[in-house]
Visitor: 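Would you mind keeping the following structure in view while I ask a few things?
Just so you know, ligand 1 is whichever comes first in the structure, and atom 1 is the first atom listed for that ligand. We use all heavy atoms of the structure for the numbers below, so side chains are in, but hydrogens, waters and symmetry mates are not. Predicted model only: the values in this text are computed from it and were never measured.
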Amino acid sequence: MGFFDSLKSLFGGGNRLGERNQQVYWIYVRCRKCGEVIKTRLDLQNNLSQNDGGGYTAHKTLVGSHLCFERIEVILTFDENRRLISRDISRGDFITREEFEAAPHPE
Ligand SMILES: [Zn+2]
């Protein structure tokens, strides 16, 4: 979270510059160890690695900040149009945005 928060403050908190060009995919997970919910943002323009056979892959490591420090590894695969085609996770479970919002999480 810290990285984007510091970016935000760097740009004066919520400046709209470049927002129209952003393709962002939000990842919501629940830690299997402690149940903490975590979200992270994937920038589809800058955070994807191109695969040899076409399409893209993104690796993300999410670390809970409040309850434990388990590293949750997420691998997302996208087609050449940057649409999600498969996803894999270890030490956590994917949840929906609704589940994330409904879960108790200290802010
Ligand atoms: Zn945890």
Side-chain angles (χ1 to χ4, degrees):
M1 299 300 133
F3 176 68
F4 288 112
D5 288 343
S6 52
L7 265 188
K8 241 187 267 169
S9 53
L10 193 67
F11 290 123
N15 152 345
R16 296 283 175 270
L17 187 71
E19 211 168 76
R20 67 205 148 92
N21 295 324
Q22 273 179 0
Q23 279 185 284
V24 168
Y25 181 84
W26 283 93
I27 301 166
Y28 301 93
V29 305
R30 188 193 308 275
C31 176
R32 245 175 234 166
K33 195 167 164 190
C34 69
E36 179 180 0
V37 295
I38 309 164
K39 70 175 177 180
T40 192
R41 213 172 84 123
L42 182 68
D43 183 333
L44 298 183
Q45 300 295 333
N46 299 312
N47 294 156
L48 302 187
S49 322
Q50 195 148 17
N51 295 330
D52 291 339
Y56 301 86
T57 303
H59 289 235
K60 277 279 191 182
T61 303
L62 288 78
V63 182
S65 47
H66 300 290
L67 302 173
C68 79
F69 295 95
E70 189 81 313
R71 295 167 67 84
I72 300 164
E73 308 282 348
V74 173
I75 300 173
L76 301 172
T77 310
F78 295 83
D79 67 13
E80 50 280 5
N81 297 315
R82 296 169 201 263
R83 278 188 304 240
L84 186 69
I85 49 178
S86 76
R87 59 185 192 174
D88 198 15
I89 189 168
S90 57
R91 296 189 286 276
D93 292 299
F94 288 112
I95 58 173
T96 63
R97 185 169 71 87
E98 288 71 25
E99 287 173 309
F100 179 86
E101 304 289 348
H105 48 94
E107 203 55 68

Visitor: Tell me, which pairs form a salt bridge (Lys or Arg N to Asp or Glu O under 4.0 Å) where one or both residues lie in residues 67-76, sequence neighbours left out?
Guide: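 Only E73-R91 qualify under salt bridge (Lys or Arg N to Asp or Glu O under 4.0 Å).
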
Visitor: Apply side chain to side chain donor-acceptor pair (under 3.5 Å) to R32 and list each qualifying residue two or more places apart in sequence or on a separate chain.
Guide: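 With neighbours one apart ignored, the set is D93.
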
Visitor: With sequence neighbours excluded, what pairs up with E99 under the side chain to side chain donor-acceptor pair (under 3.5 Å) test?
Guide: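 Applying side chain to side chain donor-acceptor pair (under 3.5 Å) to E99 gives T96.
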
Visitor: Please find the pair of heavy atoms, one from A103 and one from V37, that lie closest to each other, and give the distance.
Guide: CB-CG1, 3.6 Å

Visitor: What are the protein N/O/S atoms, named by residue and atom, that sit under 2.8 Å from the Zn ion (ligand 1)?
Guide: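 Correct list: C31 SG, C34 SG, C68 SG.
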
Visitor: As a test of understanding, state which of I89, V29, L42 forms a side chain to side chain contact (heavy atoms under 4.5 Å, CB included) with K60.
Guide: L42

Visitor: Could you check whether the rings of Y28 and F100 sit parallel, tilted or perpendicular, using 30° and 60° as the cut-offs?
Guide: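 Tilted.
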
